[in-house]
Amino acid sequence: MDNYSIKVLLEEHENIKTLLGKMVDIAQKLMNKEDVDLSKIEMTIDIIKNYADFLHHKKEEEILFKSMIDNLGDVADKLITHGMLVEHSLARYEVLSINNSLLQFKNNSDDHNRLRLIGHIMAYVDLLYRHIEKENNVVYIFAKNNLDQNELDRLGKLTLDFEKEHELIRDEYIEKLNEL
C-alpha cells in the first residue's frame, strides 16, 4: 500500500483541476455577458465544499499533514502550518465570497456585482492551481522521501478506510463534476 494515500490525493487533484477549468468557463461567460445558468455556480460551490474540501482536504489535514507534522519536524510543521493550512483557509474564504457574490448578483446583475463574482471565482481558481502545484511538486514529494515505509503504509490504510467509508459521497460528487 505504499504511497496509496498520495496516489489518491494526486488523482483528486486532477478532478479538482477539471472543476477549476469549468469555473474558468463560467467566469468567461459572465465576463462576456453570455447567459449563465447560475445553478452551475451553486453546483460548483457544492462540489468544492463536499469534494475538494470535505473529501480531499480532510484526508490531507487529518491523515497526511498530521503525520508529516508529527514525524518530520520543524520544516514539515512550517510547510504545513504556515503554508498549506493557510491556503486551505484562504480557499474556504474565497468559496464563501463566491457564494456571497452570487447572492448579490442574483439580486442585481449589474456590472459591479458581475465583476465581484468573476473576481472571486478567478481568485479561487488561481489559488487552487498554485496550491495544487505546491502540493504535487513539493509537499507530497517531501512526504514520500522522508516518511518511513511503515508510516506510508499506515497512511495508505487510513486513506483506504476513509475512501471506503465515504465511497457513496465521492461517487456522487464525481458524477456532479461530470454533469457540470
Engineer: Under 6.0 Å between the ring centres of Y124 and H120?
Structural biologist: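 No, ring centres 6.0 Å or more apart.
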Engineer: Transitively linked via ILVMFWY side-chain contacts under 4.5 Å: L96 with M43?
Structural biologist: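 No, no single cluster joins them.
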Engineer: Could you walk me through whether D111 and K33 satisfy the side chain to side chain contact (heavy atoms under 4.5 Å, CB included) test, starting with their C-alpha distance in whole Å, then the side-chain angles of each, then the deciding distance to 0.1 Å, before giving a yes or no?
Structural biologist: CA-CA 9 Å; D111 286 346; K33 297 187 177 181; 2.9 Å; yes
Engineer: What residues form a side chain to side chain contact (heavy atoms under 4.5 Å, CB included) with N136, not counting sequence neighbours?
Structural biologist: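 With neighbours one apart ignored, the set is L10, H13, I132, Y140.
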Engineer: Testing the basics here: between T159 and S5, what is the closest heavy-atom pair and its distance to 0.1 Å?
Structural biologist: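 Answer, listing the atom of T159 first, then S5: OG1-OG, 2.9 Å.
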Engineer: Test your reading of the model: is there a side-chain donor-acceptor pair from S97 to the backbone of Y93, 3.5 Å cut-off?
Structural biologist: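 Flag set: sc S97 to bb Y93 pair under 3.5 Å.
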Engineer: In terms of side-chain geometry, is the basic nitrogen of D148 or R154 positioned less than 4.0 Å from the acidic oxygen of its partner?
Structural biologist: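 The answer is no: the pair does not qualify as a salt bridge.
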Engineer: Between K78 and D74, is a salt bridge (Lys or Arg N to Asp or Glu O under 4.0 Å) present by the stated rule, with each step listed?
Structural biologist: CA-CA 6 Å; K78 286 184 173 103; D74 248 9; 3.5 Å; yes
Engineer: Give a yes or no answer on whether the side chain of R114 reaches the backbone of M31 with a donor-acceptor pair at less than 3.5 Å.
Structural biologist: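 It does not hold such a pair.
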Engineer: Taking atom NZ of K49 as the centre, report whether more than 12 heavy atoms of other residues, nucleotides or ligands fall under 6.0 Å from it.
Structural biologist: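 At most 12 heavy atoms, drawn from other residues, nucleotides or ligands, come within 6.0 Å of this atom.
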Engineer: So do I169 and Y51 actually touch side chain to side chain, heavy atoms under 4.5 Å?
Structural biologist: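 No, their side chains stay 4.5 Å or more apart.
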Engineer: Does a donor on one side chain sit under 3.5 Å from an acceptor on the other, for Q149 and D153?
Structural biologist: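 Yes, D153 and Q149 have a side-chain donor paired with an acceptor closer than 3.5 Å.
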Engineer: What pair of heavy atoms forms the shortest contact from V125 to V24, and how long is it?
Structural biologist: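 Shortest heavy-atom contact: CG1-CG2, 3.7 Å.
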Engineer: Can you check whether I6's main-chain N or O pairs, donor with acceptor, with N3's side chain at less than 3.5 Å?
Structural biologist: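 Side chain of N3 to backbone of I6: no pair is present.
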Engineer: Quick one: do E14 and K17 make a salt bridge, cutoff under 4.0 Å?
Structural biologist: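 Yes, E14 and K17 are salt-bridged.
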Engineer: What are the two closest non-hydrogen atoms of N146 and L72, and how far apart are they?
Structural biologist: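 N146 and L72 have their closest heavy atoms at O-CD2, 3.5 Å.
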Engineer: Please confirm whether the backbone N or O of V95 pairs with a side-chain atom of N99, one donor and one acceptor, at under 3.5 Å?
Structural biologist: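 Flag not set: sc N99 to bb V95 has no pair under 3.5 Å.
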Engineer: Is the backbone N or O of L55 less than 3.5 Å from a side-chain atom of K59, with the two atoms forming a donor-acceptor pair by type?
Structural biologist: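 Yes, K59 side chain to L55 backbone: donor-acceptor pair under 3.5 Å.
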Engineer: Going only through I, L, V, M, F, W and Y residues with side-chain contacts under 4.5 Å, is there a path from V139 to V75?
Structural biologist: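 Yes, same cluster.
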Engineer: Using side chain to side chain donor-acceptor pair (under 3.5 Å), reason through D46 and Y173 one step at a time and then give a plain yes or no.
Structural biologist: CA-CA 9 Å; D46 183 41; Y173 281 95; 3.0 Å; yes
Engineer: Go through Q104 and R116 one step at a time and tell me if the side chain to side chain contact (heavy atoms under 4.5 Å, CB included) criterion holds.
Structural biologist: CA-CA 9 Å; Q104 290 176 336; R116 286 190 58 187; 2.7 Å; yes
Engineer: Going hydrophobic residue to hydrophobic residue with side-chain gaps under 4.5 angstrom, can you get from I141 over to M68?
Structural biologist: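 Looking at the clustering, M68 is in a separate group from I141.
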Engineer: Crowded around K176 NZ? As in, over 12 foreign heavy atoms under 6.0 Å?
Structural biologist: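 Buried by this count: over 12 neighbours within 6.0 Å.
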Engineer: Are R92 and E61 close enough for a salt bridge, meaning some N to O gap below 4.0 Å?
Structural biologist: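 Looking at R92 and E61, the cut-off is met.
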Engineer: Go through the steps for R170 and H166 under the test side chain to side chain contact (heavy atoms under 4.5 Å, CB included), then give the verdict.
Structural biologist: CA-CA 6 Å; R170 183 195 65 226; H166 298 94; 5.6 Å; no
Engineer: May I have all residue pairs that pass salt bridge (charged side-chain N to carboxylate O under 4.0 Å, His left out) and include part of residues 117-139, sequence neighbours excluded?
Structural biologist: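 Matches after skipping sequence neighbours: E87-K134, D126-R130.
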Engineer: Sub-3.5 Å donor-acceptor pair from the side chain of N113 to the main-chain atoms of S109, do we have one?
Structural biologist: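 Checking the backbone N and O of S109 against the side chain of N113, no donor-acceptor pair under 3.5 Å is found.
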Engineer: Strictly distance-based, threshold 3.5 Å: is any side-chain N or O of T44 a donor or acceptor partner for the main-chain N or O of I41?
Structural biologist: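 Looks like yes, one N/O pair under 3.5 Å.
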Engineer: Quick one: list whatever passes salt bridge (Lys or Arg N to Asp or Glu O under 4.0 Å) with E34, sequence neighbours left out.
Structural biologist: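 Residues passing salt bridge (Lys or Arg N to Asp or Glu O under 4.0 Å) with E34: none at all.
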Engineer: Assess the residue pair K157 and Y4 against the criterion (side chain to side chain contact (heavy atoms under 4.5 Å, CB included)); give the C-alpha distance rounded to whole Å, side-chain angles, the decisive distance to 0.1 Å, and a yes or no.
Structural biologist: CA-CA 8 Å; K157 171 88 171 76; Y4 177 76; over 6 Å; no
Engineer: Testing the basics here: between L64 and A143, what is the closest heavy-atom pair and its distance to 0.1 Å?
Structural biologist: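 Here L64 and A143 meet closest at CD1-CB, 3.9 Å.
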Engineer: Taking atom CG of D35 as the centre, does the number of heavy atoms from other residues, nucleotides or ligands within less than 6.0 Å exceed 12?
Structural biologist: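 Counting other residues, nucleotides and ligands, CG of D35 stays at 12 neighbours or fewer.
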Engineer: So does I69 get a backbone contact from the side chain of D77, meaning a donor-acceptor N/O pair under 3.5 Å?
Structural biologist: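 It does not hold such a pair.
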